[in-house]
Enquirer: 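The structure is given below, and queries will be raised subsequently.
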Amino acid sequence: MLKLLPQTTKGLASEIQCIGCFFRSAQAMAEIEANQALTIDQINSMWEWASIKGIITWDCIMKASAPIANKTLEVLGVKNKKFIEIATSKNGVPTYYKSIPKEKRKPDYFIRKIKNQYSGTHFLVVDEKGKTIFDPDNSAIDKGEIYTILYKIEHI
C-alpha cells in the first residue's frame, strides 16, 4: 500500500507543516494516480516552485490545485495524464464549470474542504461518497463540509 507523507512530516518546510493541507491533498491525488510517493525533498522543492510561479502567494494562499497535481505527475515521471478541475459540489450536488463538456463530467478525484474544530478550514482527499482517502493532518476534526472540488484525469 502507498504510504503518503502527511503535511506534518518532520523535514517538510514549516509552511507546509502548518498550512499545507490543500497543497499536500493536490499532490496526493497525483501520487495515488501514479502509485508513487513523493520524498520530503520533492515536496519542499515543489512548494518553492509553486511560490516562484505565483501558485502559492507570499502569504501562503494556494490559488490553484490542478497545476500542483500536474507538476506532481511530472515530477513522478507520468507524461501521459493531466488533472483538470471540472466542478465544485456542496452536499453531493455538483456545479460543473460551463467550460467543461458533458463527456468530461465524470470526476475521478475529489478534494473536500471542511470546517475544523478551531473554526478554521482543512482539505483532504476523499472518494465520491466523501470517505477519506488521504488526510494530510489527522488531527483535524470534521465540523462540516464547506465544498468539494471535483477533478478529471485526461489522457494526453
Side-chain angles (χ1 to χ4, degrees), residues 1-57 60-89 94-97 99-101 103-114 116 121-140 142 145-156:
M1 185 168 174
L2 194 59
K3 179 90 168 109
L4 304 179
L5 296 174
Q7 73 185 74
T8 54
T9 301
K10 191 175 186 169
L12 289 179
S14 60
E15 296 88 355
I16 297 170
Q17 289 187 41
C18 292
I19 56 168
C21 56
F22 194 21
F23 179 72
R24 281 300 294 136
S25 292
Q27 289 179 319
M29 291 188 308
E31 290 172 289
I32 293 164
E33 184 65 25
N35 198 30
Q36 296 179 65
L38 292 168
T39 66
I40 289 170
D41 288 341
Q42 288 170 320
I43 294 167
N44 285 335
S45 292
M46 283 188 59
W47 181 273
E48 190 174 322
W49 166 84
S51 297
I52 290 166
K53 291 286 187 184
I55 299 165
I56 297 173
T57 64
C60 297
I61 294 172
M62 198 167 95
K63 298 192 305 188
S65 50
I68 302 296
N70 290 327
K71 181 68 170 178
T72 302
L73 289 175
E74 179 186 318
V75 167
L76 295 174
V78 177
K79 297 177 178 18
N80 63 341
K81 296 178 182 180
K82 76 173 188 174
F83 282 85
I84 59 167
E85 187 176 319
I86 61 172
T88 57
S89 73
T95 302
Y96 289 95
Y97 305 140
S99 62
I100 303 300
E103 65 272 9
K104 292 185 180 180
R105 293 184 177 188
K106 233 172 148 21
D108 298 306
Y109 288 91
F110 308 81
I111 293 180
R112 188 168 184 238
K113 183 177 185 181
I114 61 169
N116 67 19
T121 61
H122 181 60
F123 291 89
L124 55 154
V125 181
V126 298
D127 67 14
E128 65 278 353
K129 294 187 170 121
K131 184 178 179 214
T132 301
I133 295 171
F134 173 70
D135 186 344
D137 179 0
N138 290 321
S139 69
D142 185 344
E145 177 190 49
I146 297 172
Y147 60 80
T148 299
I149 307 166
L150 287 60
Y151 304 85
K152 179 89 182 139
I153 292 285
E154 282 193 330
H155 296 272
I156 51 174

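One-based numbering along the sequence shown. Every value quoted in this text rests on a predicted model; they were computed, and no experiment measured them.
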Enquirer: Are L73 and K79 close enough that some pair of their side-chain heavy atoms sits under 4.5 Å apart?
Expert: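 In short, these two side chains do not touch, never coming nearer than 4.5 Å.
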Enquirer: Can you name the nearest heavy-atom pair linking G11 to I40, along with the distance?
Expert: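 Here G11 and I40 meet closest at O-CG2, 3.4 Å.
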Enquirer: Once salt bridge (Lys or Arg N to Asp or Glu O under 4.0 Å) is applied, do any residues pair with E74, and if so which ones, sequence neighbours excluded?
Expert: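 For E74, the residues satisfying salt bridge (Lys or Arg N to Asp or Glu O under 4.0 Å) (neighbours in sequence not counted) are K71.
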Enquirer: For K63, give me all partners under salt bridge (Lys or Arg N to Asp or Glu O under 4.0 Å), at least two apart in sequence or on another chain.
Expert: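 With neighbours one apart ignored, the set is empty.
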Enquirer: Aromatic contact between Y151 and F110, with the criterion being ring centroids under 6.0 Å apart: yes or no?
Expert: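 Ring centres of F110 and Y151 not closer than 6.0 Å.
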Enquirer: Flag the pair N35 / L2 as yes when at least one side-chain heavy-atom distance between them is below 4.5 Å, and no otherwise.
Expert: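 Yes - at least one pair of side-chain heavy atoms lies under 4.5 Å apart.
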Enquirer: What are the two closest non-hydrogen atoms of M46 and F23, and how far apart are they?
Expert: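 Looking at all heavy atoms of both residues, the shortest contact is C-CZ, 3.8 Å.
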Enquirer: Tell me the closest heavy-atom pair linking I68 and A50, and the distance in Å.
Expert: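 I68 and A50 have their closest heavy atoms at CD1-CB, 3.6 Å.
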Enquirer: Can any side-chain N or O of N70 pair as donor or acceptor with the backbone N or O of K82 at less than 3.5 Å?
Expert: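 The answer is no, because no donor-acceptor pair under 3.5 Å joins these two groups.
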Enquirer: Less than 4.5 Å apart, side chain to side chain, heavy atoms only: is that true for S89 and T95?
Expert: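 Side-chain contact under 4.5 Å: no.
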Enquirer: Which residues pass the salt bridge (Lys or Arg N to Asp or Glu O under 4.0 Å) test with E85, not counting sequence neighbours?
Expert: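 Result, salt bridge (Lys or Arg N to Asp or Glu O under 4.0 Å) vs E85: none returned.
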Enquirer: Does the side chain of D137 reach to within under 4.5 Å of the side chain of C21, using non-hydrogen atoms?
Expert: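 No, side chains not in contact.
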Enquirer: Within the structure provided, determine whether K81 and E154 are in side-chain contact (heavy-atom separation under 4.5 Å).
Expert: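 Of all side-chain heavy-atom pairs linking E154 with K81, none is under 4.5 Å.
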Enquirer: Between A26 and S65, which heavy-atom pair has the shortest distance, and what is it?
Expert: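 In terms of heavy atoms, the two residues are closest at CB-O, 3.6 Å.
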Enquirer: If you define the side chain from C-beta out and look only at heavy atoms, does anything of I86 sit under 4.5 Å from I100?
Expert: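 A side-chain contact under 4.5 Å exists here.
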Enquirer: Applying side chain to side chain donor-acceptor pair (under 3.5 Å), name anything that partners T121, two or more places apart in sequence or on another chain.
Expert: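 With neighbours one apart ignored, the set is empty.
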Enquirer: Please list, chain by chain and in numerical order, all residues satisfying side chain to side chain donor-acceptor pair (under 3.5 Å) with T148, sequence neighbours excluded.
Expert: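 Only E145 meet the side chain to side chain donor-acceptor pair (under 3.5 Å) criterion with T148.
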Enquirer: Do you know the tightest heavy-atom contact between A28 and F134?
Expert: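 Closest approach of A28 to F134: CB-CD2, 3.3 Å.
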Enquirer: Under a plain distance cut-off of 3.5 Å, with no hydrogens placed, do D135 and H122 share a side-chain donor-acceptor pair?
Expert: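 Yes - a donor-acceptor pair under 3.5 Å links their side chains.
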Enquirer: Taking the side chain as everything from C-beta on, heavy atoms only, tell me whether E33 gets closer than 4.5 Å to I153.
Expert: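 In contact.
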Enquirer: Do L5 and L38 touch side chain to side chain, with heavy atoms closer than 4.5 Å?
Expert: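 SC-SC contact between L5 and L38 ruled out.
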Enquirer: Quick one: does any side-chain atom of N116 pair with a main-chain N or O of S139 as donor and acceptor, under 3.5 Å?
Expert: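 No.
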Enquirer: Report the relative orientation of the aromatic rings in F123 and F22; use parallel for angles under 30°, tilted for 30 to 60°, perpendicular for over 60°.
Expert: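 Answer is parallel, since the angle falls under 30°.
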Enquirer: Could you name each residue pair satisfying side chain to side chain donor-acceptor pair (under 3.5 Å) that touches residues 5-29, not counting sequence neighbours?
Expert: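 Matches after skipping sequence neighbours: R24-Q27, R24-E31.
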